[in-house]
Amino acid sequence: MFNKILIANRGEIALRVIRACREMGIGSVAVHSTADSDAMHVRMADESVCIGPPSSTQSYLSIPSIIAACEITGAEAIHPGYGFLSENAAFVQIIQDHDLTFIGPTADHIRVMGDKITAKDTMKKLGVPCVPGSDGGVDTLEDAKRIGAEMGYPVIIKATAGGGGKGMKVAGSAAEMERAFMTARAEGKSNFGNDEVYIEKYLTTPRHIEIQVFGDGKGNAVHLGERDCSLQRRHQKVFEEAPGPSITQEERDRIGKICADASANINYIGAGTIEFLYENGEFYFIEMNTRLQVEHPVTEGIFGVDLVREQIRVAAGLPMSFTQEDLKINGHAIEVRINAERLPNFSPCPGRITQYHAPGGLGVRMDSALYDGYSIPPYYDSLIGKLIVHGRDRPEALARLGRALGELIVDGVDTTIPLFDALLQEPDIHSGNYNIHWLEHWLETHLQPA
Ligand code: ADP
C-alpha cells in the first residue's frame, strides 16, 4: 500500500480523498494555488504545497508543478478527483514515466473513452446498446444534411471531444442543420481544440441513467447499479438519485451485466461510469467517464461501500474488496448540488461565507469545503457542497432531504438551496415522473430570468 498520496484537486473532492487516506492510514498531500492558501483541503491534509497562481492553467492544471510537488513530498501516487486533470491521458503517461502511480484507469482507457466517436465504436463492439447515429465523424454540411434526412429530425450534433455539456447542438429540422452543425464544430474547436463532430438521433423524452462500474485491471469488473441524473440544467446535473425510480431489478441486472462485462473485457481499472439515455424501456449509450463522478456518494449510500478507498486499493495492486454477489441495494439515496450562484440566472456568486452550518442526523452526509469566514475564490467551479441523504425508501429520503435543507445555513453568498426547497414542493419530484427536459421547462415557468 502507498505511504503517501497527493491529491491533484481542491474543494470538497479533495477532502473526500483526504478522508479516505486518513481512514486507511495513508499520508495526504494537498496542492493549492495562491488563491486557495486558506482552503479547507490545505488545512485538512497532512502536508501541502503551493503550486502556482490562481489561474487553474498555472496551478491545478500544471503537470510539471504537480509532479514536482510529488517529488518534494515523496508522494507515491496521485488521485486526480474529478475535473482538472482527471481525464487527461498525457498526465497519466507522465505520472508513469516518473515511476508514480495514477489512481484511476490507464492512459489508453482515458484516450479511447475521451473521444466520443471512438468510445461509441468501442462500446458497440462490446455489445453495449448505443443511440442510433452517424457511423463516425461527419465532415461536411452536405453529409450532415443527408444523415439528418435519412435518420429523421430532430438530431443532435456532438463534438467528439466535447464534455460538460459543451459542443452539443440540436437541429429540429433541415433548416436548423447549418447553424447547429457550424456551432457544434466551433465549440468543439474553441473549447477542446478539435472540431470533429458526429450526429445522433435526438431522443425527446429520455431519462439520464448511468451505471457505476468498477474494475481491478485484471479482467474482473462489477457494476454498482444505476444513478438517475435526469434533473439537469444546460446538460449539467443538479439532483441525482439511486436507485433510479423508473428502473426495475431485471433491467438493472441486464444493463449492469452488459456494463460490467464490457469493463472486464477491456481490463478496466478503478471507477468508471457508463452513461445512457433511457427511453421506452431501452438503454442508449452516450459516453463513458473514466473517473470518480461528482454524484458517486449516492451509490456509496445504497451499497455501503467507499469507492475512493476501493480506487486506492486497486491502484496499489490489491483485489477489489467486494464481488458482484456482495453488492446489495439498501434503501434510497439522493444528492443535491449546492452551488454559489444567484437565482434565477444561476450567475456565479463568489464571496465571503459569514455563517456556515452543516445539517446532520441519521442518513445525512454533507460533502463541502466551506467554513465560517471562508472566502469562495472567483476562479473555479461554483460547486460549494453536496448534500446527500439516505433513507429506507424514496419517500423517506425525500423527507430527509427537506429536513436537512432546513438545517443547512450558508450565509454571505447566494446559493442554489432555494431551488431544492422549491423542487421538493413539486408532485412530479415525489412521483419520480421526470425526464432530462423536466427541469428546464420547470425553470422557464417558475424562475423567470431577471
Ligand atoms: P457531456 O460530455 O457534455 O456531458 P453527454 O454526451 O454526456 O455530454 O450528454 C450530456 C447530456 O446531453 C445528456 O445527459 C442529455 O441530457 C443530453 N443528450 C446527449 N445526447 C443526447 C441525445 N442523443 N438525445 C437527447 N439528449 C441528449
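As the structure is a prediction and not an experimental result, all values here were calculated from the model. Order of listing sets the numbers, starting from 1, for every ligand and every atom in it. Note: hydrogens, waters and symmetry copies are ignored here, and every other heavy atom, side chains too, is used.
Listed by atom number, the atoms of ligand 1 under 4.0 Å from Gly164 heavy atoms are 1 (P), 2 (O), 3 (O), 4 (O). Ligand 1 places these atoms under 4.0 Å from at least one heavy atom of Lys201: 22 (C), 23 (N), 24 (N).
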* **side-chain contact (heavy atoms from CB on, under 4.5 Å) assessment of Phe84 paired with Arg10** => CA-CA 10 Å; Phe84 292 129; Arg10 63 184 301 283; 3.9 Å; yes
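For atom 10 (C) of ligand 1, the closest non-hydrogen atom of the protein is Met168 CE, 3.8 Å. Scanning the protein heavy atoms around atom 15 (C) of ligand 1, the nearest turns out to be Ile436 CD1, 3.7 Å. Of all protein heavy atoms, the one lying nearest to atom 11 (C) of ligand 1 is His235 ND1, 3.7 Å. Protein heavy atom nearest atom 20 (N) of ligand 1, with residue, atom name and distance: Lys158 NZ, 2.9 Å. For atom 3 (O) of ligand 1, the closest non-hydrogen atom of the protein is Gly165 N, 2.5 Å. Considering only non-hydrogen protein atoms, atom 16 (O) of ligand 1 sits nearest to Gln232 OE1, 2.9 Å. Nearest to atom 21 (C) of ligand 1 among the protein's heavy atoms is Leu277 CD1, 3.3 Å.
Nearest to atom 7 (O) of ligand 1 by heavy-atom distance, out of His208, Glu287, Lys237, is Glu287.
Using bins of under 30°, 30° to 60° and over 60° for the plane-to-plane angle, the ring pair Tyr434/Phe239 lands in the perpendicular bin.
For the salt bridge (charged side-chain N to carboxylate O under 4.0 Å, His left out) with Lys386, the qualifying choice from Glu12, Glu300, Glu295 is Glu12, the only one to do so. Checking Gln212, Arg227, Arg16 one by one against His296, the side chain to side chain donor-acceptor pair (under 3.5 Å) holds for a single residue, Arg16.
Judged by the shortest distance from any of its heavy atoms, Lys116 lies inside the 4.0 Å radius around the atoms of ligand 1.
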I'd like a table of donor-acceptor pairs (distance under 3.5 Å, sequence neighbours excluded) in which one partner is a side-chain atom from residues 150-158, with atom names and distances.
from	atom 1	to	atom 2	distance (Å)
Glu150	OE2	Arg146	NH1	3.3
Lys158	NZ	Glu200	OE1	3.1

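For Thr416 (side chain) and Asn339 (main-chain N/O), a donor-acceptor pair under 3.5 Å exists by modelled atom type.
Checked against the 6.0 Å centroid threshold, Phe276 and Tyr284 do not count as a close aromatic pair.
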